[in-house]
Amino acid sequence: MSVLHSLALTRIPPEDEALRAEVRAFLAEAIRDLPPHVRARSWGGYSTSLSRQLGAKGWIGITLPREYGGGGRSAFARYVLAEEFLACGAPVGSHWIADRQSGPLILKYGTEAQKRWYLPRICRGEAFFCIGMSEPGAGSDLASVRTRAVPAAEGFVLNGQKIWTTNAHHCHYMIALVRTSGTAQDRHKGLSQVIVDLSLPGVTVRPIEDLSGDSHFCEVFFDNVALGADALIGAEGQGWEQVTAELAFERSGPERLFSSIVLFDQWLACVRTPKWRSASAQRLAGKVLTQLAPLRAMSVAVQEKLTRGESPIVEAALVKELGTTLEQFIPAAIADDLFARDAEDIPVELLMTLKYVTEASPSFSLRGGTRDILRGMIARGLGLR
Ligand SMILES: Cc1cc2nc3c(=O)[nH]c(=O)nc-3n(C[C@H](O)[C@H](O)[C@H](O)COP(=O)(O)OP(=O)(O)OC[C@H]3O[C@@H](n4cnc5c(N)ncnc54)[C@H](O)[C@@H]3O)c2cc1C
């Protein structure tokens, strides 16, 4: 039971909670005209101008040190921002990855020059990053990546392919997990992380359309891309350790609980009206909220561990697995509730949001590591494997 015991309940400090009202008021104005089915995309949605505005407010890179343009605040401050962005359905996808994991990764492993070059631009909402981990044939089995950066006189020559790279077509940089020595059979050895400027000659980015008609992820091809020596982030050969630590940031946040929250709120507003009120709707609302509250508490507890510099990989896997299960339950349960009602009473805008979230929901338990892989990690963490 070590994993569960290690998640001590914790509260977001008042000085960080104080951010909430300001963010909420700002977003109410900034995204006033966005309809709910667009808001439902939230951290999958994309708005360069909103990212710039949030950067100007100091709400990107809020945990990064002030000397690099950040806010010098705790992970709890970032947590409050993230919750408010998600709850309002703000299209924050442009800077989401840079803020959540590329910035902290560069801070932890980067050279002084890398920190000074990338971090201030991340904080201003001017440098967007994507994650280059998955490849065809190397998703769950990430250690078998084949994309290779061969050391050359001036740095590295990069060849290979990444896939499912969220927002690569809108990003300036990718942090890619690549092989710098050995073969795919060497598994965790010989892997490194490199920062790839996606505007370099030899990089081709092709968007992939998903079930909902959105093109948010891409294939990315590297054909003899010349990288400088300063593309290497962290130590050569330490890529596996670095990526594993990064996954705790990727898996534990509120975006693993709140992907269906815009839909849930919209439905809740309907079932609160006298015409729609019903015992079954009350039971459903209670069921969702009584699961959401403890899951949120667990997610906040993981933030506390990240704040202390720990790497709670198993705990983060637990939050993601339970959180995405709830995220997927919400659209299915709301569809059942609406099915029992008179079709003519159902607002079209609610149906549009339900359609989008239903189509997107299978991906909730795939992105960031699949359910099966997370359950395997949790079982190992509990000493069951
Ligand atoms: C919306 C979305 C966004 C994404 N964004 C990114 C991104 O930005 N960057 C990035 O690098 N990747 C991204 N991904 C890719 C994602 O991380 C992979 O899809 C995921 O890790 C699974 O890999 P795969 O698709 O190769 O499936 P596979 O690994 O081939 O898995 C296929 C099935 O087999 C199961 N399986 C595989 N191995 C095992 C095992 N050992 N035990 C039990 N079951 C197993 C899996 O659970 C799954 O059900 C994204 C995916 C989605 C859906």
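Because only heavy atoms are used, hydrogens play no part in the values below, and waters and symmetry mates are left out as well, while side chains stay in. Atoms within a ligand are numbered from 1 in the order they appear, just like the ligands themselves.
- R179 contributes a side-chain N or O that, together with a main-chain N or O of K189, makes up a donor-acceptor pair within less than 3.5 Å.
- Atom 44 (N) of ligand 1 is flagged as protein-proximal [any protein heavy atom, distance under 4.0 Å].
- Residue M133 approaches ligand 1 through these ligand atoms, each under 4.0 Å from one of its heavy atoms: 11 (O).
- If you check which protein heavy atom lies closest to atom 22 (C) of ligand 1, you get T370 CG2, 3.5 Å.
- Close approach of ligand 1 to I373 is summarised as follows: ligand atoms under 4.0 Å from at least one heavy atom of the residue are 38 (N), 39 (C), 40 (C), 41 (N).
- Contact annotation: for T166 versus ligand 1, heavy atoms closer than 4.0 Å belong to both the backbone and the side chain.
- Applying the 4.0 Å criterion to heavy atoms of I131 picks out, from ligand 1, the atoms 7 (C), 8 (O), 9 (N), 10 (C), 11 (O).
- Between S260 and E327, the side chains place no donor N or O within less than 3.5 Å of an acceptor N or O (distance only, hydrogens not considered).
- There is a side-chain donor-acceptor pair under 3.5 Å between T10 and E304.
- Contacts of I97 with ligand 1, taken as heavy-atom pairs under 4.0 Å, are absent altogether.
- Scanning all protein heavy atoms for the shortest distance to atom 16 (C) of ligand 1 gives S134 OG, 3.7 Å.
- The protein heavy atom nearest to atom 30 (O) of ligand 1 is S140 OG, 5.0 Å.
- Scanning the protein for heavy atoms near atom 26 (O) of ligand 1, the closest one is G139 CA, 3.3 Å.
- Under a 4.0 Å N-O distance rule, the pair R256/E321 does not qualify as a salt bridge.
- In this comparison of W164, F129, F364, the heavy atom closest to atom 4 (C) of ligand 1 sits on W164.
- Cation-pi check for R78 over W96 is met; the charged atom lies under 6.0 angstrom from the ring centroid and within 45 degrees of its normal.
- Distances from atom 2 (C) of ligand 1 to the protein include at least one heavy-atom value under 4.0 Å.
- Ring geometry for H188 versus W240: interplanar angle under 30°, hence parallel rather than tilted (30 to 60°).
- Closest heavy-atom approach to atom 47 (O) of ligand 1 within the set D372, V243, T165, N167: this belongs to D372.
- The CZ atom of F221 lies 7.5 Å from the CD1 atom of I163; values are rounded to the nearest 0.5 Å.
- Taking every non-hydrogen atom of L366 and a distance limit under 4.0 Å, the qualifying atoms of ligand 1 come out as 16 (C), 20 (C), 53 (C).
- Contact check on R283 versus D337 returns no salt bridge, with no Lys/Arg side-chain nitrogen under 4.0 Å from an Asp/Glu carboxylate oxygen.
- Checked by atom type and distance alone, the side chain of R121 pairs as donor or acceptor with a backbone atom of W117 at under 3.5 Å.
- Cation-pi contact between R116 and Y68: absent, since separation from the ring centre below 6.0 Å together with deviation from the ring axis within 45° is not met.
- Residue-ligand proximity, F217 to ligand 1, at heavy-atom distances under 4.0 Å covers atoms 1 (C), 2 (C), 3 (C), 52 (C).
- Aromatic ring pairs are classed by plane angle as parallel below 30°, tilted from 30° to 60° and perpendicular above 60°; the pair F85 and H95 is perpendicular.
- Counting only heavy atoms, the protein gets under 4.0 Å from atom 10 (C) of ligand 1.
- Looking from atom 52 (C) of ligand 1 to the surrounding protein, the closest heavy atom is R367 CB, 3.6 Å.
- Contacts with ligand 1 closer than 4.0 Å are made by side-chain heavy atoms of H216 only, the backbone lying farther away.
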